[in-house]
Amino acid sequence: MVLTAKHKDNAEGVPHYMGLAGRQLSLMLSTVATCGFLLFGYDQGVMSGIISAEDFNTYFPQTKDNSTWQAFVTAIYEVGCLIGAILVLNFGDMSGRRRSIVVGASIMIIGVIIQCTAFDGSHATAQFIIGRTVTGVGNGINTSTIPTYQAECSKSSNRGLLICIEGGTIAIGTLIAYWLDYGASYGPPGLTWRFPIAFQIVFGIFIIIGMLFLPESPRWLLTKDRHEEATTVLAALRGLNRDDEEIKLQSGIIIDSIRASGSIGGNTPYKALLTGGKTQHFRRVLLGISSQFFQQIGGCNAVIYYFPLLFQNSIGTSHNLSLLLGGVNMIVYAAFATTSWFLIEKVGRRKLFLAGSIGQSLSMVLCFACLIPGGTGPAKGAAVGFFTYIAFFGATWLPLPWLYPAEINPIKTRAKANAVSTCSNWLWNFTVVMFTPPFTSASAWGCYLFFAIVNALFIPVIYFFYPETAGRTLEEIDLIFAKGFLENKSYVRAAKELPQLNEAEIDQMAREYGFVSDDDEAGQVKEARFGEKEGEIAEEAGGQMV
């Protein structure tokens, strides 16, 4: 059992965690939470420079010149992540955010130790595979929990930006992994693969230590009727005394939101995800799942995990040069990942989705077109395609699928719908990582033709089915789906036709659509308005929305 985080009141009666309160405490919480996604990104990239290295293949001979084994050793990690996400889906609300993150980081460290202690012998490969799976379980727990924890302890105005920052942090973690792989490649045989894998422990220890001293989510505490602890956390996050009127107001708003959403005890039935009608829960769940599916099937991890391998097999570069180019590619990746921070609200979700799909498709067209003639000369053009692909992906499809499900799903089903979307991510992540090496071995250019076609198919789906959510409150998004259903028009069109509404106009339209008076089992706009009201009142009071 994770120990309760210690707090201490100052002379003014303001509770402090780690000696911090208010903005400083919020910054520390975001730093520790974001480190979890830094570790996520690092683990995405660490195998890229190892899987085809001579020293690694010597220790694990099954992987030497065998694309199927290389794919399996790499992709088994995603199976572990899927298991971890399923565990959170079923037990996350019971264990709490803070405890889940500590357990997830601890499991990752155990998995890393299992991997690094594999030595020459008949069972070395099996031990390494087990370690990869265990590490994946820990990462699946963390990636399913950290966004929820961070959102529940952050201001509503910062949620979209914070999730995009997490996306950028994934790219930075991958960048670190690539260059650490490259540096370790000059070391002795054991160091070339053991050290990059073992380095994950540094991130894991930082997360565990940080979470031991940080508070639990106040929203989760209130769902468990732990009101005194929740009030203390709220006061610490805001930097106010527990008896301050703002803290009392925030606590009351959160309790109203929990009751309205039917989340007492923190549980929402799975059948709620399958309902239609005015709330269109099932359609909205599918939109979230499809965004995660598109992210993976578009080929991102074929480039992130296997960039050096693709260069060696498809373009014919040396292992050293492929590692160096992979590191440069990750610099491009990390740089473009930060652009979404500035574009996400100004440009909107739909335009970024569409621009990313077009750019990724054309990049893959360049890759396969340059590889068809054969020879290293034309194949160098494919390198340009890899670089442009990762640039478009980093700026669009990297952060958006983590943000869109959280916005598109209503308050009643948001937690479970997001968990299901995350499971979709890991399932298709595994699929792509598993089939890429055999595919590229069978056809030097066929794999990239496949990804070019798949990315092109995203465009009509996004254009006709993905409504814009930028600049909309959660209650307005509910009205978009109600408008589309009741007026028998596409939800994209409904989003375009619905003007920006103030609170009075939203209340009036909710009454027109029958949300206020009807007891709709699929969830009410009225219910969602409690959740949105929570953010608005807290913001008006200058408070911290959780």
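- Within 6.0 Å of the CZ atom in Phe282, the count of heavy atoms belonging to other residues, nucleotides or ligands does not exceed 12.
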* To do: Run the numbers on Thr169 and Thr34 for side-chain hydrogen bond (donor to acceptor under 3.5 Å, both in side chains), then give the verdict.
  => CA-CA 7 Å; Thr169 305; Thr34 302; 5.1 Å; no
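- Leu343 contributes atom CG, which lies 9.5 Å from atom OG1 of Thr338 (distance to the nearest 0.5 angstrom).
- Here the side chains of Arg97 and Arg219 are not in contact, with every heavy-atom distance at 4.5 Å or above.
- For Ala105 against Asn142, the heavy-atom pair with the smallest separation is N-ND2, 3.5 Å.
- A donor-acceptor contact shorter than 3.5 Å is absent between the side chain of Thr275 and the backbone of Lys271.
- Residues Thr279 and Phe485 have side chains not in contact (no heavy-atom distance under 4.5 Å, counting atoms from C-beta outward).
- The pair Glu216-Arg99 does not count as a salt bridge, with every side-chain nitrogen at least 4.0 angstrom from each carboxylate oxygen.
- Ring centroids of Phe293 and Trp426 are separated by 6.0 Å or more, keeping the two rings apart.
- Among all heavy-atom pairs drawn from Ile344 and Ala470, the shortest one is O-CB, 4.4 Å.
- With ring centers used as reference points, Trp402 lies under 6.0 Å from Phe37.
- At distances below 3.5 Å, not a single donor-acceptor pair connects side-chain atoms of Tyr77 with backbone N or O atoms of Val134.
- In terms of modelled atom types and a separation under 3.5 Å, the side chain of Ser291 and the main chain of Gly288 share a donor-acceptor contact.
- Side-chain contact between Ile462 and Ser357: present, with at least one pair of heavy atoms (C-beta onward) separated by less than 4.5 Å.
- The closest side-chain heavy-atom distance from Phe91 to Ile86 is not below 4.5 Å.
- Using modelled atom types and a 3.5 Å distance limit, the side chains of Ser421 and Gln292 yield no donor-acceptor pair.
- With Phe353 as the fixed residue, the ring pair (Phe, Tyr, Trp, His ring centres under 6.0 Å) test singles out one of Phe465, Phe392, Tyr466: Tyr466.
- Contact check for Ile176 versus Met330: no side-chain heavy atoms found under the 4.5 Å cut-off.
- The two residues Cys447 and Thr436 have their closest heavy-atom pair at SG-CG2, 4.4 Å.
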* List the steps, then state whether side chain to side chain contact (heavy atoms under 4.5 Å, CB included) holds for Leu479 with Leu501. => CA-CA 10 Å; Leu479 290 175; Leu501 305 175; 4.0 Å; yes
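- Among Phe439, Phe368, Phe386, the one residue that satisfies the ring pair (Phe, Tyr, Trp, His ring centres under 6.0 Å) test with Tyr448 is Phe386.
- At distances below 3.5 Å, at least one donor-acceptor pair connects side-chain atoms of Gln295 with backbone N or O atoms of Leu398.
- Between the Asn455 side chain and the Phe451 main chain, a donor and an acceptor come within less than 3.5 Å of each other.
- Both tests hold for Arg350 against Tyr463: distance to the six-membered ring centre under 6.0 Å, angle to the ring axis within 45°.
- You'll find the ring centres of Trp397 and Phe458 inside the 6.0 Å limit.
- Between Tyr42 and Phe203, the angle of the ring planes lies from 30° to 60°, which puts this pair in the tilted group.
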* To do: Check step by step if side chain to side chain contact (heavy atoms under 4.5 Å, CB included) holds for Phe336 and Ile390.
  => CA-CA 8 Å; Phe336 275 86; Ile390 208 67; over 6 Å; no
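- The minimum heavy-atom distance between Leu214 and Arg98, with the atom names listed, is O-NE, 2.8 Å.
- Looking at Leu237 and Pro218, their side chains come closer than 4.5 Å, going by heavy atoms from C-beta outward.
- A distance-only check finds no donor-acceptor pair linking the side chain of Thr339 to the backbone of Ala335 [under 3.5 Å].
- Within the model, atoms CE of Met108 and CD1 of Ile207 stand 7.5 Å from one another, a figure rounded to the nearest 0.5 Å.
- Residues Asn425 and Gln296 have side chains in contact (heavy-atom distance under 4.5 Å, counting atoms from C-beta outward).
- The heavy-atom pair separating Leu287 from Pro467 by the smallest distance is CD1-CD, 4.1 Å.
- Separating the SG atom in Cys423 from the CG atom in Leu82 is a distance of 5.5 Å, to the nearest 0.5 Å.
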* To do: Apply side chain to side chain contact (heavy atoms under 4.5 Å, CB included) to Lys346 and Phe342, showing your working.
  => CA-CA 7 Å; Lys346 293 181 180 179; Phe342 310 101; 5.9 Å; no
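- Residues Arg132 and Met47 meet the side-chain proximity criterion, which asks for heavy atoms closer than 4.5 Å.
- Between Lys351 and Glu468, no side-chain nitrogen of the basic residue sits less than 4.0 Å from a carboxylate oxygen of the acidic one, so the salt-bridge criterion is not met.
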* To do: Applying side chain to side chain contact (heavy atoms under 4.5 Å, CB included), run through Val303 and Met364 and close with a yes or a no.
  => CA-CA 11 Å; Val303 178; Met364 287 299 181; 4.1 Å; yes
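- Atoms CD1 and CG, on Ile297 and Asn429 in that order, are 10.5 Å from each other to the nearest 0.5 Å.
- Rounding to the nearest 0.5 angstrom, the gap separating the NZ atom in Lys278 from the NZ atom in Lys483 is 15.0 Å.
- Scanning both residues, Val102 and Ile208, for their nearest heavy atoms gives O-CG1, 4.1 Å.
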* Please test Gln200 against Thr135 for side-chain hydrogen bond (donor to acceptor under 3.5 Å, both in side chains), starting from the C-alpha separation and ending with a verdict. => CA-CA 10 Å; Gln200 297 171 76; Thr135 304; 5.5 Å; no
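- Here the straight-line distance linking atom OG of Ser95 with atom CD1 of Ile141 works out to 8.5 Å at 0.5 Å rounding.
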* Asked: Yes or no on side-chain hydrogen bond (donor to acceptor under 3.5 Å, both in side chains) for Tyr178 and Asn329, after CA distance, side-chain angles and deciding distance?
  -> CA-CA 9 Å; Tyr178 263 76; Asn329 195 33; over 6 Å; no
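- With Arg284 contributing its side chain and Asn409 its backbone, the two residues share no donor-acceptor pair below 3.5 Å.
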